[in-house]
Amino acid sequence: MRLVKIGIASVNTTVGAFQANTDRVLDLARKMAAEDVTLGVFPEQVIAGYPAEDLVQWQGFIDHQWPELERFAKETASLPLVSILGVGVALQGVRLNCAAVVAGGKILGLVPKEKLPTYNVFYEGRTFGHGQPGMAEAHRGVPLGDFMFQFDFGTVAPEVCEDIWSADGPMRRRAYSGGELVVNLSASPFRLGFWETRRELIATRASDHQVTIAYANAVGSNDGLIFDGGGFINQNGRPVLETPRFQQGFTTAVVDLDRTLRLRTENTTWRVDKESWVSAGGRKVPTLDCTQAVKTRREKLPYPVPAHRSFFLPAPDTRRTARVALCEDILDALSLGVGDYFEKTRAFKLFGIALSGGRDSLLTLLIAHRYAKRARPDNPGSLIQAFYMPSPYSSQQTRDAAETIARELGVPFQVVSIEEAFEREKAAAQKMLGDTKLTPITEQNIQARIRAQRMWNWSNSCGGLFLQTGNMSEKSVGYTTIGGDLMGALAVIANVPKTVVMYLLDYLQETTGYEGIRKVLAKPAGPELAHDQVGEEELMPFPILDACFYLHAGEKLTPAEMRTALTAMFPEVDAERLGGYVDRFVRLFQQSIYKWVQAPLSLHIGNLDLDRERALQLPVVTGSAWLRDA
């Protein structure tokens, strides 16, 4: 047996905080060594933080990473541990996203990322260069290229993030060249339902290539990207370890690498495929001999037996229901995003939320409070200030709901009326218009803008982080006010559809029992900027609105195709009415793009959102004739 203890680390980094990031890695590496870990696996770009975006173009940003990597090597020199961690380097005018192999006080090699994602939220092809098959260079005297590494426990094949997502990635040729343990360093953002996809992909790759895979992912949030952490060890298709998500730390497991080789001998398909690859001229990946770099301690490692002590019976089922998994993942992700933005910017002292007594601001408050409970468990309410700013159209019902939830959460709550300011601003606007009558929509927007201005004034004076509370569905059709409820320093739920907002609140009502949530849900959703406003009456039913958004923005369907899809999805709704909803949605969607570019930074939880710099990049000025039915 060749027993190897692998430590999978999730590290919460800040972009550009090289020393602090390295300190975190060092702390985890020392703790791993104390637990007799053989191989420590750390995330992609863990020294620089991810995503660095165009900072990579600064030579100083690249150059300052190397001394920290050298410091890591020096301070781990006495540890009987091999570490693999992410770093950026510059080679002949090209920046490379690398996995660095460190042991015995030395940087033993650098393996550059080959597949650079430039889709969805990723822009790596803009800044980084590609590693190449057969690449063999040197950086500061360290081998850099398409290499594997031989240690006293086996042959390690490092790779970086996207390399595992391509069927044409480096894993195939490295496995055929003798690689046993593939180590993937990742910084893969949280996306709804993506955890299961990662698990399945890693199992498939480990089975296809007959290798053991150790996968480590980043945790934390930088700007609007949230990384859920977590990692996997999978041996030849069999799951060995899944690590906790949404928290920094490491988890370990022992594997027998002899098992990986034995399973190769049993798998005739893998052997025939390897023979075909060799016959077709496949170039063997060179292996660097690092057996003298470090002597690992493995003699006391226990054989990896199942925790429930049966190789034949299933382990206890600890899986969450689909409802709990969806809700808890979203809430964990958004609270992590809010908290890391608050902490890492170092510009704010507390959160500020304008409560309307409605669903969106309520969910935003609950997410901020979820973070505050972790940051200040003894007094989470001290991190938040809530305001209720009634106008002539605000109801006692919404005021009571806002006051109730603030009291239940222990959050300071102030009522600051905007009625006088609203009347003054209406009069001033009418004077500017002369004979032109002030429109009802202008009156609504005046209220929203007064509230936003007051929140900014509060923020400027007390260092408060003004949280924007709008949801994705209403943002998609411009049911929001520039300079008003569209404003804020961070948009917490701007990529959460309205139906999901309501689903989350139903879940939170069931699990917390807060009376304030019940009171909010008792009233139809509406902005209360005019008498008896109901959002679904002014727009369309929210399930249909969200379906329109997904089909048009996500599936890229034309209006005619959307009508066909919606007829199948909502057979109980008259086809003509559905067609009217489609036409209204597409018109509002196209007319609202100019608003999105003025919205604050938002947190990302899926593949579809309205942040123009991230997932859905649409021109502001565009013709719409192509959308008309042929």
Side-chain angles (χ1 to χ4, degrees), residues 1-8 37-42 80-84 99-103 108-109 111 114 133 143 145-160 163-164 169-186 201-216 231-241 252-275 277-278 282-299 301 303-304:
M1 292 184 292
R2 279 186 296 139
L3 301 183
V4 179
K5 190 172 187 179
I6 303 170
I8 304 293
V37 168
T38 313
L39 175 69
V41 185
F42 300 90
L81 172 75
V82 176
S83 299
I84 304 182
V101 181
V102 178
L108 302 175
V111 179
E114 296 185 10
D146 185 13
F147 297 120
M148 298 189 298
F149 302 82
Q150 180 69 43
F151 292 98
D152 59 8
F153 57 84
T155 304
V156 178
E159 62 178 31
V160 182
D163 288 348
I164 203 172
M171 191 183 303
R172 178 171 175 261
R173 67 177 183 271
R174 291 172 184 165
Y176 290 159
S177 300
E180 302 169 291
L181 177 55
V182 174
V183 172
N184 186 282
L185 318 184
S186 278
L201 174 85
I202 290 166
T204 300
R205 293 283 183 263
S207 178
D208 287 346
H209 301 297
Q210 287 299 295
V211 293
T212 297
I213 294 177
Y215 172 98
F232 300 91
I233 298 175
N234 189 292
Q235 187 169 42
N236 299 63
R238 187 177 77 178
V240 175
L241 176 70
T252 66
V254 175
V255 298
D256 178 8
L257 284 183
D258 277 344
R259 181 174 185 271
T260 287
L261 293 189
R262 179 179 61 76
L263 291 174
R264 285 180 178 179
T265 67
E266 296 176 4
N267 192 307
T268 56
T269 300
W270 184 86
R271 297 203 321 265
V272 170
D273 287 346
K274 176 181 176 180
E275 291 165 2
W277 177 77
V278 172
R283 294 180 57 184
K284 189 173 182 179
V285 178
T287 299
L288 304 181
D289 185 355
C290 303
T291 54
Q292 302 304 311
V294 61
K295 181 172 176 54
T296 58
R297 291 199 301 252
R298 297 177 291 111
E299 58 278 358
L301 295 180
Y303 186 79

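Here CG of Leu181 is found 4.5 Å from CD1 of Ile6. Values are rounded to the nearest 0.5 Å. Atom CG of Leu201 and atom CD1 of Ile213 lie 7.5 Å apart (nearest 0.5 Å). From Lys274, atom NZ reaches atom CZ of Arg172 across 12.5 Å, with rounding to the nearest 0.5 Å. Put simply, CG on Asn267 and NE2 on His209 are 12.0 Å apart, with the number rounded to the nearest 0.5 Å. Rounded to the nearest 0.5 Å, atoms NZ (Lys284) and OH (Tyr176) are 14.5 Å apart.
Heavy atoms only, all atoms of each residue included: Pro304 and Leu3 are closest at CD-CD2, 4.0 Å. When every heavy atom of Ala206 is checked against every heavy atom of Gly237, the shortest pair comes out as CB-N, 3.5 Å. Between Ala103 and Val294 the shortest heavy-atom distance is CB-CG1, 3.8 Å. Residues Val285 and Ser177 come closest through the heavy atom pair N-OG, 2.8 Å. Heavy-atom minimum distance, Pro80 versus Lys295: CB-O, 3.5 Å. Of all heavy-atom pairs spanning Val254 and Val240, the tightest one is O-CG1, 4.5 Å.
Checked against Ile233 for a side-chain contact (heavy atoms from CB on, under 4.5 Å), the options Val41, Thr252, Ile202, Leu241 give a single hit: Leu241. Evaluated for a side-chain contact (heavy atoms from CB on, under 4.5 Å) with Leu39, the options Leu81, Val183, Ile8 yield exactly one hit, Val183.
Without hydrogens or angle criteria, Arg271 side chain to Thr265 main chain gives a donor-acceptor distance under 3.5 Å. When atom types are taken as modelled, the side chain of Glu180 and the backbone of Thr155 share a donor-acceptor pair closer than 3.5 angstrom. Of the possible donor and acceptor atoms, one in the side chain of Arg2 sits under 3.5 Å from a partner among the backbone N and O of Phe153.
Proximity of Glu159 to Arg174: side-chain heavy atoms (C-beta onward) are separated by under 4.5 Å at one or more points. Looking only at side-chain heavy atoms (C-beta outward), Arg205 and Asn234 stay at 4.5 Å or farther from each other. Using a 4.5 Å heavy-atom cutoff, the side chains of Pro143 and Leu288 are in contact. Contact of the Glu299 side chain with the Arg297 side chain is registered, since non-hydrogen atoms from C-beta on lie closer than 4.5 Å. Proximity of Met171 to Asp163: side-chain heavy atoms (C-beta onward) are nowhere separated by under 4.5 Å. When side chains are defined from C-beta on, Leu108 counts as touching Phe151, because their heavy atoms get closer than 4.5 Å. Proximity of Val156 to Ile84: side-chain heavy atoms (C-beta onward) are separated by under 4.5 Å at one or more points.
Looking at Asp146 and Arg173, a side-chain N of the basic residue comes within less than 4.0 Å of a carboxylate O on the acidic one, giving a salt bridge. Residues Glu266 and Arg262 are paired through a salt bridge, judged by an N-O separation under 4.0 Å between the basic side chain and the carboxylate.
With no hydrogens or angles considered, a side-chain donor-acceptor pair links Asn236 and Gln210 at under 3.5 Å. Between the side chains of Thr38 and Thr296, no donor N or O sits under 3.5 Å from an acceptor N or O.
The aromatic rings of Phe147 and Phe149 stand perpendicular to each other, their planes meeting at an angle above 60°, with 30° marking the opposite boundary.
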